[in-house]
Amino acid sequence: MKNAIKKEERRSRKRRPYLAFLAPGMIMYTIFIIIPIIYVFVISVFEWSGLGEMKFVGLENFKTLFTNDRIAPTFWHAVLNNLKYLLCVWFIITPIQFLIAYLFWLKIPMFKYFKFMIFMPYVISSTIVSFFATMIFDPNIGFLNEFLTNIGLSQLTGSWIGDPNMAFKIMIILIIWQGAGSGMMIFYANLMDIPKDVMEASSIDGCNEVQRLFRILIPLSLPSCASIIIMSSIWALGVFDIPFILGGASGGVNGSLDFVNLVFYRYTFGSALNGRSELGFGAAISVTMFAVIMVVTLLQNKILSRFEYNND
């Protein structure tokens, strides 16, 4: 009997019917994700404009990116802007998202209305949001300067996104306005999922609101926080649309809104390297940022995994 059971188990393993369900997804993933990634790694060691013959140059594209007197400072400045944005995700944007979710969890007056109004900008395209921000903050055609002048506060007018000291801050405010809703809803769902008996036990034990926040709600929200930070960090290292519309392909005044994807755009399609498109050099930038994103994501996973809790 036991031998018959073992034979049947071996037959089931050989048949593996679930492979028929996995195969279509794996094939599509391989065609549209894995193969393009491999292809980018391949062309990163070639000099190629996208047309004509591909010239093998080895690691020359990476050497140019890291050491060229004109390109390297631009690239590293853009990387620094990405990392600044990453720090804003960690220490500004994510805490604001949790604070909003916590206020809604407390059921402040009109919380359903405010929840809708905060989440609504998230469903609007970043391109549209950036365009409207340009219509407000642009120093030449923007509404804000004209409004301040008309009400007699012309002394408060400024260059706004044309000011290198203000442009990055305005972009972060815009991202908070548009993107706070996504993380807020995740945090809110996490808070609503906390068992009521835990809250009741804390009240019986004499826990005040501050103690409940820091000893129960925040610790139990850390898994959601980890997911939000990882997703937001990947987006921060690959941001393109908002700075492109606010500051243009050049990255704004003095590179205040210059990010790695803008550098990639200029040198790959904008003829900024040697007067023509350079897909090989652009691929080298992509491979470099792929490595950076992988390292940052792995480090975050390693650090944030310590904050996971067991539901059992």
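Everything quoted here is computed from the prediction, not taken from an experiment.
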K.L.:
Looking at Met294, I want to see if its CE is surrounded by more than 12 non-hydrogen atoms of other residues, nucleotides or ligands under 6.0 Å.
P.N.:
no
K.L.:
So with a 6.0 Å cut-off around CE of Met26, is the heavy-atom count from everything else above 12?
P.N.:
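Result for CE/Met26: open.
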K.L.:
Under 6.0 Å between ring centres: does that hold for Tyr265 and Phe244?
P.N.:
yes
K.L.:
For residues Glu278 and Ser49, is any side-chain donor paired with an opposing acceptor at under 3.5 Å?
P.N.:
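No, no side-chain donor-acceptor pair sits under 3.5 Å.
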K.L.:
Does the structure place the NZ or CZ of Lys55 under 6.0 Å from the centre of the six-membered ring of Phe46, at an angle of no more than 45° from the ring's axis?
P.N.:
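Relative to the ring axis of Phe46, which defines the angle, Lys55 lies outside at least one limit.
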K.L.:
Would you please classify the geometry between the Tyr85 ring and the Trp235 ring as parallel, tilted or perpendicular, with 30° and 60° separating the classes?
P.N.:
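Perpendicular, since the angle between the ring planes exceeds 60°.
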K.L.:
Please list all pairs meeting salt bridge (Lys or Arg N to Asp or Glu O under 4.0 Å) that have one or both residues in residues 252-261, counting only residues at least two apart or in different chains.
P.N.:
Asp258-Arg266
K.L.:
Apply side chain to side chain donor-acceptor pair (under 3.5 Å) to Gln300 and list each qualifying residue two or more places apart in sequence or on a separate chain.
P.N.:
Trp90, Ser233
K.L.:
Around atom CZ of Phe66, are there more than 12 heavy atoms from other residues, nucleotides or ligands closer than 6.0 Å?
P.N.:
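Buried by this count: over 12 neighbours within 6.0 Å.
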K.L.:
Just by distance, with hydrogens left out, do Thr157 and Asn145 show a side-chain donor and acceptor under 3.5 Å apart?
P.N.:
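No, Asn145 and Thr157 have no side-chain donor paired with an acceptor closer than 3.5 Å.
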K.L.:
Report the relative orientation of the aromatic rings in Phe98 and Tyr102; use parallel for angles under 30°, tilted for 30 to 60°, perpendicular for over 60°.
P.N.:
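Taking Tyr102 first and then Phe98, their aromatic rings lie parallel (interplane angle under 30°).
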K.L.:
For Arg215, enumerate each residue passing the salt bridge (Lys or Arg N to Asp or Glu O under 4.0 Å) test, keeping only those at least two apart in sequence or located in another chain.
P.N.:
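Arg215 satisfies salt bridge (Lys or Arg N to Asp or Glu O under 4.0 Å) with no other residue.
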K.L.:
Nearest 0.5 Å, what's the CD1-SG distance between Ile216 and Cys207?
P.N.:
5.0 Å
K.L.:
Assess whether atom CD of Gln211 is packed by more than 12 heavy atoms of other residues, nucleotides or ligands within 6.0 Å.
P.N.:
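Yes - once you tally the heavy atoms of other residues, nucleotides and ligands closer than 6.0 Å, there are more than 12.
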